[in-house]
> 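Pasting in a structure now, in structure tokens, and then I'll have a few things to ask.
Order of the sequence lines sets the chain letters (A, B, ...), proteins ahead of strands, with each chain counted from 1.
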Amino acid sequence: MTLRLHNTMTRSAEPFAPLAPPHVSVYTCGPTVYNYAHIGNFRTFLFEDMLRRWLEASGYRVFHVMNLTDVDDKTINGALKAEVSLAEHTARFIAAFHEDREYLRILPAHVYPRATEYVAPMIAMVESLLEKGVAYKGDDGSVYFAIAKFPGYGKLSRLDTRELQAGAGGRTSADEYDKADARDFVLWKAARAEDEQVGAAWDAPFGRGRPGWHLECSAMALDLIGKELDAEVLDIHAGGIDLVFPHHEDEIAQSCAHTGRDEFARVWMHGEFLTMSGTKMSKRFGNILTARDLREEGVDAGTVRLLFATTHYRAPLDFTDQALDAAREGSRRLGAFGARLAAAGAGGSSPSLDAVAAELDTAFTEAMNDDLNAPRALAALFDAVREGNRLLDAGESPGPSLQAVWSRTTDVLQVLPLASGPRVVTMADARDGLEESGGDSDWAVAWAGRRLAAKHARDWPEADRIRDLLTTAGWEVRDRKDGSAEVVRAAG
RNA sequence: GGCGCCGUAGCCAAGUGGUAAGGCAGAGGUCUGCAAAACCUCCAUCACCGGUUCGACUCCGGUCGGCGCCUCCA
């Protein structure tokens, strides 16, 4: 069973075959750093993280590039408004992006190129396109790409089979009349006074200005994979589904026109949208939820990741509190099993548990190989939890196999809660003179010890009072068969 | 108007020509001082209407409903 990935270009799942295995180049469109990224953005980044982790788990050596768009209308406007330089303005949101990324346990890309650091390669590419005659300078001093000169235009988004209604999106820019064709897109924008004010203008042979949005991805991707892998074609290019047109279509046009190759990426992967209670997140609806909002509410990353993993990356996902609650409980259950496995050790031997491990391994791998079918992979995990718990309840003693498979599979999805495992409590932990308030781990163990003492004295009201106290502080107490108990942090 | 996605149990969600994974919630049970956890059992005929087929949730046509893209939004 080999990995199959859905390619937007062909609209079908194809066997994955990188150009130079085991190396795989992956380019993912990163955030525009003008604001805190919202969870819709992060749904895409999490899908890409899952892709990255699965490729690596499958033995590939991934070279992952994610760009940071740090010069565009929004970043410039933001800098103007805050009355700081562009660099100062974006630095803040770049730092925030990485904080959020770490919170969500997203592996760092190998390189995070920023558009402002790649102006020279971008200028070189524009010159190349001008020389080849596929770009032209408009009356406004900007440089545009001539769609008509690029026969393959529209393949990715199936533009050839549809009509473009000019301005249908209501976002047509005022300078459209400077283009020869309404569909032509800007490669280089002539500098305005505002651009100069925030330091967003560079000299170029064809006039002072700043790069257009699409240009950065082509220039940075080609530069980086050229240096790293000596390649001119990406193995995988991924992003949100809204980037198919025009962003990726335009990237293909300028990149292929530049390299002379017939493709820019072997596989194009696009993640579906996340909606909030049925509608797209936007400032207009006031329904933006950021990663830091979740973090501040104490939501564990495992909960978020499980919520997203329950829906296939190419299916729309509606974010609701109910779904989040369900994910939290599921994550807790998985984490509890993981902790139980770890506590059970690997010194025993159990053909039944080995069979559970083998089944999990097979089912998980098949699911992930089938275009990253995380919902099915998750089902395999839950099947293993149920069977594993049943066998452990029956007194089976695990060998090393289940623990190994469990670690390998859960590492890919990262859906377990971060909360530490349970701490075992005995009567020896009972201490007098405890404060009623507290909350840390030692405090919880001490109170749980006192509860055991109360239980031993058959003082049920006191035992229950202490349990309530612990519950209020966010700790769960569970009695064990041997007379001891355990306390565990309730999942967030 | 064009292009695309989706409509599966109370909620979330896989699947796909041969009689519907998994999770959450709920009900009953085992265990327990009581709980919790864990386990067991129960809980759908797949928006609607036609058609193809021995057989369709799965293929084709249509209808209704939801969502997205159509120049810089993941």
Side-chain angles (χ1 to χ4, degrees), chain A residues 11 28-32 37-48 69 72-74 157-159 161-173 176 179 182-186 189 212-214 238-247 249-250 270-275 278-282 306-307 309-312 314-318 320 322-334 336-337 340 363 367 373-383 385-394 422 455 458 460 463-464 467 471 476-481 485-486 488:
Chain A
R11 312 281 155 128
T28 58
C29 287
T32 300
H38 56 65
I39 56 167
N41 299 314
F42 276 107
R43 183 189 182 195
T44 299
F45 302 149
L46 282 165
F47 135 62
E48 292 159 352
T69 301
D72 80 320
D73 288 345
K74 282 179 301 205
S157 57
R158 305 279 158 108
L159 199 65
T161 64
R162 66 185 189 177
E163 294 167 26
L164 263 193
Q165 189 172 347
R171 284 185 290 174
T172 306
S173 63
E176 190 166 26
K179 301 190 228 173
R183 298 174 307 167
D184 289 353
F185 59 91
V186 69
K189 281 190 160 182
W213 178 39
H214 315 304
I241 194 165
D242 55 326
L243 297 184
V244 173
F245 184 84
H247 187 52
E249 198 69 75
D250 291 349
H270 294 96
E272 251 293 348
F273 255 65
L274 174 122
T275 53
T279 49
K280 179 177 170 173
M281 267 190 282
S282 81
L306 178 60
L307 172 60
T310 54
T311 303
H312 186 90
R314 285 192 295 107
L317 168 69
D318 193 37
T320 62
Q322 237 181 341
L324 191 69
D325 288 342
R328 181 180 357 254
E329 187 53 28
S331 175
R332 185 207 61 73
R333 183 149 173 252
L334 293 172
F337 178 70
R340 188 178 184 189
N373 194 326
R376 238 169 67 207
L378 225 37
L381 241 26
F382 278 107
D383 283 339
V385 167
R386 192 181 353 89
E387 277 297 291
N389 270 323
R390 195 175 61 76
L391 292 164
L392 290 171
D393 279 353
K455 268 188 68 179
R458 304 187 77 81
W460 310 129
D464 291 346
R467 185 167 58 208
T471 304
E476 276 180 41
V477 193
R478 294 177 208 145
D479 291 331
R480 309 206 311 174
K481 287 197 170 138
E486 57 189 35
V488 62

> Under 4.0 angstrom, heavy atoms only, what part of the nucleic acid is A:H214 near: base, sugar-phosphate, or nothing?
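A:H214: no heavy atom of the nucleic acid under 4.0 Å.
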> Report the distance from atom CG of A:D250 to atom C1' of B:U71, rounded to the nearest whole Å.
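So the two atoms are 7 Å apart, to the nearest Å.
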> Atom CG of A:L307 and atom P of B:A13: how far apart are they, to the nearest Å?
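A:L307 atom CG is separated from B:A13 atom P by 9 Å.
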> When the P atoms of B:C12 and B:A47 are compared, how many Å lie between them, rounded to an integer?
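After rounding to an integer number of Å, I get 14 Å for this pair.
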> Round to the nearest Å and state the distance from A:Q322 atom CD to B:G26 atom P.
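After rounding, the gap between these two atoms is 12 Å.
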> What's the gap between B:A25 and B:A38 when it is taken at their P atoms, as a whole Å value?
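My reading of the P atoms in B:A25 and B:A38 gives 10 Å.
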> Counting only heavy atoms not in A:R11, do more than 12 fall under 6.0 Å of its CZ?
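Correct, the count exceeds 12.
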> State the pairing partner of B:U71; accept Watson-Crick or G-U wobble contacts with both distances under 3.5 Å, and report none otherwise.
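Answer to the pairing question: none, since B:U71 forms no Watson-Crick or G-U pair.
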> With A:T471, which residues qualify under side-chain contact (heavy atoms from CB on, under 4.5 Å), at least two apart?
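A:R467.
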> Name the pairing partner of B:U52, where a pair is Watson-Crick or G-U wobble with both distances under 3.5 Å, or state none.
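Checking every strand shown, B:U52 finds no partner, since no pair has both distances under 3.5 Å.
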> Sequence neighbours excluded, which residues qualify as side-chain contact (heavy atoms from CB on, under 4.5 Å) partners of A:R333?
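If we apply the side-chain contact (heavy atoms from CB on, under 4.5 Å) test to A:R333, skipping adjacent residues, the hits are A:F382, A:V385, A:R386.
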> What is the separation between atom CG on A:L317 and atom C1' on B:G66, rounded to the nearest whole Å?
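Atom CG in A:L317 sits about 15 Å away from atom C1' in B:G66.
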> In whole Å, what is the span from the CZ atom of A:R158 to the P atom of B:G2?
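These atoms are roughly 18 Å apart.
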> At under 4.0 Å between heavy atoms, what does A:L274 touch on the DNA or RNA strands: base, sugar-phosphate, or nothing?
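Since a base atom lies under 4.0 Å of A:L274, the category is base.
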> Find the distance between CG (A:L317) and CG (A:L274) and round it off to the nearest 0.5 Å.
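Rounded to the nearest 0.5 Å, the CG-CG separation comes out at 5.0 Å.
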> B:G55 and B:U41: how far apart are their P atoms, nearest whole angstrom?
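One P to the other, the span is 35 Å.
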> Between atom CG in A:L243 and atom P in B:U71, what is the gap in whole Å?
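Value for this atom pair: 14 Å.
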> Please classify the nucleic acid contact of A:G239 as base, sugar-phosphate, or nothing, using heavy-atom distances under 4.0 Å.
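Answer is sugar-phosphate: A:G239 comes under 4.0 Å of backbone atoms only.
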> With sequence neighbours left out, write down each residue that passes side-chain contact (heavy atoms from CB on, under 4.5 Å) with A:D393, or none if nothing qualifies.
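For A:D393 the side-chain contact (heavy atoms from CB on, under 4.5 Å) partners, ignoring immediate neighbours, are A:R340.
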> When you compare the ring of A:F273 with the six-membered ring of B:G68's base, are the centres less than 5.5 Å apart and the planes under 30° from each other?
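No, A:F273 does not stack on the base of B:G68, since the centre distance and plane angle fail the 5.5 Å and 30° test.
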> Could you please name the option among B:A74, B:C24, B:C72 that lies closest to any side-chain atom of A:W213?
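Nucleotide nearest to A:W213's side chain: B:C72.
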> I'd like to check the side-chain contact (heavy atoms from CB on, under 4.5 Å) partners of A:A37; sequence neighbours left out, ordered by chain and number.
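If we apply the side-chain contact (heavy atoms from CB on, under 4.5 Å) test to A:A37, skipping adjacent residues, the hits are A:N41, A:F42.
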> Just the rounded figure in Å: distance from P of B:C72 to CG of A:D184.
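One finds 15 Å between P of B:C72 and CG of A:D184, rounded.
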> Is it true that a side-chain atom of A:T310 and a backbone atom of A:L307 form a donor plus acceptor pair closer than 3.5 Å?
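Answer holds: yes.
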> Sort out the partner of B:C42 for me: Watson-Crick or G-U wobble, both distances under 3.5 Å, none otherwise.
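Paired with B:C42, as far as the under-3.5 Å criterion goes, is B:G26.
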> Among residues at least two apart in sequence or on other chains, which ones pass salt bridge (Lys or Arg N to Asp or Glu O under 4.0 Å) with A:E486?
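Only A:R478, A:R480 meet the salt bridge (Lys or Arg N to Asp or Glu O under 4.0 Å) criterion with A:E486.
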> With a non-hydrogen cut-off below 4.0 angstrom, is A:N373 in contact with a base, only sugar-phosphate, or nothing?
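The answer is sugar-phosphate, as A:N373 gets under 4.0 Å only of primed atoms, P, OP1 or OP2.
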> Just the rounded figure in Å: distance from C1' of B:G15 to CZ of A:R314.
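After rounding, the gap between these two atoms is 14 Å.
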> Who is the Watson-Crick or G-U wobble partner of B:A9, with both distances under 3.5 Å?
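None - no nucleotide pairs with B:A9, as no candidate has both distances under 3.5 Å.
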> Applying a 3.5 Å limit to both distances, which nucleotide forms a Watson-Crick or G-U wobble pair with B:U63?
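When the pairing criteria are applied, B:A47 turns out to be the nucleotide that pairs with B:U63.
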> May I ask which nucleotide in the shown strands pairs with B:A21, Watson-Crick or G-U wobble, both distances under 3.5 Å?
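Here B:A21 is not engaged in any pair, so there is no nucleotide opposite it.
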> Can you identify which nucleotide, out of B:A13, B:G23, B:C5, has its nearest atom closest to the A:P316 side chain?
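Of the options given, the side chain of A:P316 lies nearest B:C5.
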> Indicate for each nucleotide in nucleotides 34-41 of chain B, in 5' to 3' sequence, whether protein heavy atoms under 4.0 Å reach the base (B), only the sugar-phosphate (S), or nothing (-).
BBBSSSS-
> Answer with base, sugar-phosphate or nothing: what part of the nucleic acid does A:A315 contact at a heavy-atom distance below 4.0 Å?
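Result for A:A315 = sugar-phosphate.
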> If you go through the side-chain atoms of A:T310, does one of them form a donor-acceptor pair with the base of B:A13 closer than 3.5 Å?
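Checked by distance alone, the answer is no.
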> Tell me which of A:E272 and A:D325 sits closer to the 5' end of RNA chain B, going by the nucleotide each one is nearest to.
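Nearest nucleotide further toward 5': that of A:E272.
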